[in-house]
2 protein chains.
Amino acid sequence: MKMHNFKYEGSGLNRFFGPLEAKIMEILWTTTAALTIKEVQAKLDQDKVMNFNTVMTVMNRLVDKGILQKNSVARSFMYKPVVTRDVFMETQSKELTFDLIEEFGSLAVTHMVDALDKVDPDLLDKLELKIKELKKDR
Amino acid sequence: MKMHNFKYEGSGLNRFFGPLEAKIMEILWTTTAALTIKEVQAKLDQDKVMNFNTVMTVMNRLVDKGILQKNSVARSFMYKPVVTRDVFMETQSKELTFDLIEEFGSLAVTHMVDALDKVDPDLLDKLELKIKELKKDR
DNA sequence: CACCCCCTACTACAATTTGTAGTGTAAGGA
DNA sequence: TCCTTACACTACAAATTGTAGTAGGGGGTG
């Protein structure tokens, strides 16, 4: 279930998935219960109904990639994500942050401060606190 | 010259380019002067010589993407990166750090501390300093 | 002057990823 | 028994990247 890319474009799940994949994951992560293909197809519907086979193909590819799991129930399959959205985000954040620092080192440090300040200055305080905490424990 | 992906796999330029592209950029960024295709081809040579046309195709695609520029000199073209490696890295670092924080917010903050601590604890001090500096200026 | 060589341009094909969709098949209900 | 339904299998298009063949033009050489 290893991701391969973090896309510069888009936002949210679109950073990790193709557009249709992202919509499907959005639906599955928004719903608590597992869903059938038909249910996902129904929830997808915006302007035009997606072809059933299209939805099925994409969902089964997500199963192949280890992102979804399917369970046979009666005559259909029920699909649901292998991990929760929170766990997914947590994993990606950890992986990417680590890679970023590994790759850019002190360059990234500079940009972090700028970015935090711009996106949400409160996070700067939070970061400062975290650093202090870590240092205290030694 | 917008990049599209940051790859989880690989390291250095391989995070941004295909394997051959990365080798070519590595060569062009390592050499101060602009180079001809033939020169790049010669420097590429490890075990087997790359086909001249292959090198040319990839280099011209990099030109199309705005990553390389070519200048007609005598009967050949000289290729060189549009921006220095430092500028490239700077840009990517800024963009990615920003996106990361935008996407993950406080989640990323936590992971930053962990990652910095693991990769290079000195960077934690540097980060702390940077935060203090920024706050002082207000 | 004719010809050849070198370098470039153009074209093409394979593998991978993602979206899209048709056809075939099996199983259960009417 | 036959039809509906859901799934499996197959296929194709566009984009990306690596790979390479063929064609063409321009200048040097015999």
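Here is the naming used below: chain letters follow the sequence lines, and residue numbers restart at 1 for every chain.
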Going by side-chain contact (heavy atoms from CB on, under 4.5 Å), name the residues that satisfy it together with [X], two or more places apart in sequence or in a different chain.
X        : value
B/Gln41  : B/Lys38, B/Val49, B/Phe52, B/Val55
B/Lys7   : A/Asn5
A/Glu95  : A/Lys2, A/Asp99, B/Tyr8
B/Ser106 : A/Leu123, A/Lys126

Give me, pair by pair, the N or O atoms of the protein and of nucleotides 24-30 of chain D that are less than 3.5 Å apart, along with how far apart they are.
none

Pair B/Lys118 + A/Glu102, salt bridge at N-O below 4.0 Å:
no
Rounded to the Å, how far apart are A/Glu9 CD and D/dA15 C1'?
14 Å
Nearest-angstrom distance from the residue atom CG of B/Asn71 to P of C/dC7
18 Å
Contacting residues from residues 30-40 of chain B, given that a heavy atom lies under 4.0 angstrom of DNA chain C
B/Ile37, B/Lys38
Contacts of [X] that satisfy side chain to side chain donor-acceptor pair (under 3.5 Å) - sequence neighbours left out:
X        : answer
B/Lys65  : B/Glu21
A/Thr36  : A/Glu39
B/Thr110 : none

Can you give me every donor-acceptor pair (side chain of residues 66-75 of chain A, partner residue at least two apart or in another chain, under 3.5 Å) with its distance?
from, atom 1, to, atom 2, distance (Å)
A/Lys70, NZ, A/Asn60, OD1, 3.1

Scoring nucleotides 9-22 of chain C by protein non-hydrogen atoms under 4.0 Å (B base, S sugar-phosphate only, - none) yields B--B-----BBBBB
Please convert DNA chain D into dot-bracket. A pair counts if it is Watson-Crick or G-U wobble with both distances under 3.5 Å; crossing pairs go in [ ] and bases paired with another strand get |.
||||||||||||||||||||||||||||||
